[in-house]
Amino acid sequence: QQPVQSPQAVILREGEDAVINCSSSKALYSVHWYRQKHGEAPVFLMILLKGGEQKGHDKISASFNEKKQQSSLYLTASQLSYSGTYFCGTERPNQGGKLIFGQGTELSVKP
Amino acid sequence: SAVISQKPSRDICQRGTSLTIQCQVDSQVTMMFWYRQQPGQSLTLIATANQGSEATYESGFVIDKFPISRPNLTFSTLTVSNMSPEDSSIYLCSVPTSGATGELFFGEGSRLTVL
């Protein structure tokens with residue numbers, strides 16, 4: 001079951017904040033976040049392994065609400081380099097490494 | 001981390017032909033995954049290539065169409081057989097870093113266009 005991401009696309013000015021949501025109709029074992037720039041391979045951002053967990057580095061952070069079966073990615077004070085398509089990936093229990101990715105959220109940061 | 005090399009990086013193929021994509025990793029890994037990314041779409045897992053056993057295919061993908069080889073712990077191939085324009089996609093090889101749960105490293109992908 002593919003997780004659902006929202007919004008599908010967002011346009012920001014440099015310095016603005018954004019939130020990308022990822023939800024699933026099935027129980028989430030873990031949530032992975034990746035960013036893919038145009039023409040490049042997806043790059044890992046972070047994994048959240050249990051409900052209530054929050055992580056972050058630089059100005060990108062994420063939360064995972066196990067009960068609500070959803071995760072959110074927070075981008076604060078966005079930079080031009082944040083532009084790209086963000087994917088959440090969910091992992092099936094006992095099938096480590098096999099990710100089902102959401103449809104992606106295209107983020108464009110303008111100067 | 002892992003360094004993944006894929007060949008070819010891109011190709012233009014004729015309908016009905018087959019193409020083999022190679023994936024070379026700079027370290028030994030137990031699992032290797034093959035994903036497909038259709039134009040403007042998300043990443044869809046095709047199969048898991050396991051060394052020493054047959055590949056495990058996801059729903060909607062079959063061995064006759066996407067045969068996979070895994071001769072050793074650093075190398076795998078994916079063949080796209082009897083191609084049609086619907087097979088035009090980016091095919092990505094990926095490997096987990098360590099353990100059963102961890103980040104995935106992706107190759108740069110092989111962009112196939114079928115005419």
Side-chain angles (χ1 to χ4, degrees), chain A residues 1-9 20 22-24 26 28-50 53 55 57 60 62 64 66 73 84-108, chain B residues 1-7 9-10 21 23-25 29-51 55-61 68 70 76 89-111 113:
Chain A
Q1 203 84 16
Q2 183 181 38
V4 176
Q5 289 184 231
S6 62
Q8 287 190 315
I20 299 172
C22 174
S23 63
S24 174
K26 294 202 170 185
L28 295 178
Y29 176 67
S30 66
V31 179
H32 301 225
W33 285 98
Y34 288 77
R35 176 172 62 206
Q36 183 178 32
K37 292 183 181 287
H38 184 69
E40 299 181 7
V43 174
F44 169 80
L45 294 175
M46 64 189 78
I47 298 174
L48 298 108
L49 294 175
K50 53 187 176 182
E53 184 175 23
K55 280 193 175 181
H57 61 85
I60 300 176
F64 177 23
E66 191 175 23
L73 186 71
T85 302
Y86 290 77
F87 294 99
C88 68
T90 58
E91 190 173 1
R92 305 171 196 166
N94 301 318
Q95 294 198 26
K98 291 188 178 183
L99 294 183
I100 305 171
F101 287 95
Q103 79 276 24
T105 296
E106 186 172 0
L107 179 76
S108 299
Chain B
S1 64
V3 177
I4 304 173
S5 301
Q6 277 189 240
K7 291 181 181 179
S9 58
R10 59 178 62 230
I21 302 166
C23 176
Q24 178 74 54
V25 187
V29 292
T30 305
M31 291 188 292
M32 296 175 75
F33 302 107
W34 287 99
Y35 282 87
R36 180 177 73 181
Q37 189 172 30
Q38 294 175 303
Q41 301 297 312
S42 182
L43 300 111
T44 303
L45 181 63
I46 298 172
T48 303
N50 300 303
Q51 198 273 334
T56 306
Y57 290 83
E58 298 300 310
S59 176
F61 297 97
I68 288 172
R70 183 79 195 275
S76 177
S89 294
I90 301 173
Y91 293 86
L92 299 113
C93 169
S94 74
V95 300
T97 48
S98 60
T101 300
E103 67 180 277
L104 290 181
F105 282 103
F106 285 87
E108 292 296 316
S110 299
R111 182 184 294 270
T113 301

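Chain identifiers are assigned alphabetically (A, B, ...) following the order of the sequence lines, protein sequences preceding nucleic acid strands; residue numbering begins at 1 within each chain.
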As an exercise, state the distance from CG of Leu104(B) to OH of Tyr34(A), rounded to the nearest 0.5 Å.
3.5 Å
By a 4.5 Å heavy-atom criterion (distance strictly below it), what part of Glu106(A) contacts chain B: side chain, backbone, both, or neither?
neither
To the nearest 0.5 Å, tell me how far Glu108(B) CD sits from Glu40(A) CD.
7.0 Å
Heavy-atom nearest pair, Ala41(A) first then Gly107(B), reads CB-O, 3.1 Å
Using a cut-off of under 4.5 Å for heavy-atom pairs, which of Pro42(A), Gly39(A), Gly104(A) has the most such pairs with chain B?
Pro42(A)
Check side-chain hydrogen bond (donor to acceptor under 3.5 Å, both in side chains) between Gln37(B) and all other residues, then give those that pass, not counting sequence neighbours.
Gln36(A)
Considering all heavy atoms of both residues, which atom of Phe87(A) and which atom of Gln41(B) are nearest to each other, and what is their separation?
CZ-O, 4.1 Å
What's the shortest heavy-atom distance between Ser42(B) and Phe101(A), and which atoms?
OG-CB, 3.4 Å
NZ of Lys7(B): more than 12 outside heavy atoms within 6.0 angstrom?
no
Quick one: what part of Leu43(B) sits under 4.5 Å from any heavy atom of chain A, side chain, backbone, both or neither?
both
For the student: nearest non-hydrogen atoms of Ile47(A) and Glu103(B), plus distance
CD1-N, 3.6 Å
Spacing of Leu99(A) atom CG and Tyr35(B) atom OH [to the nearest 0.5 Å]
4.5 Å
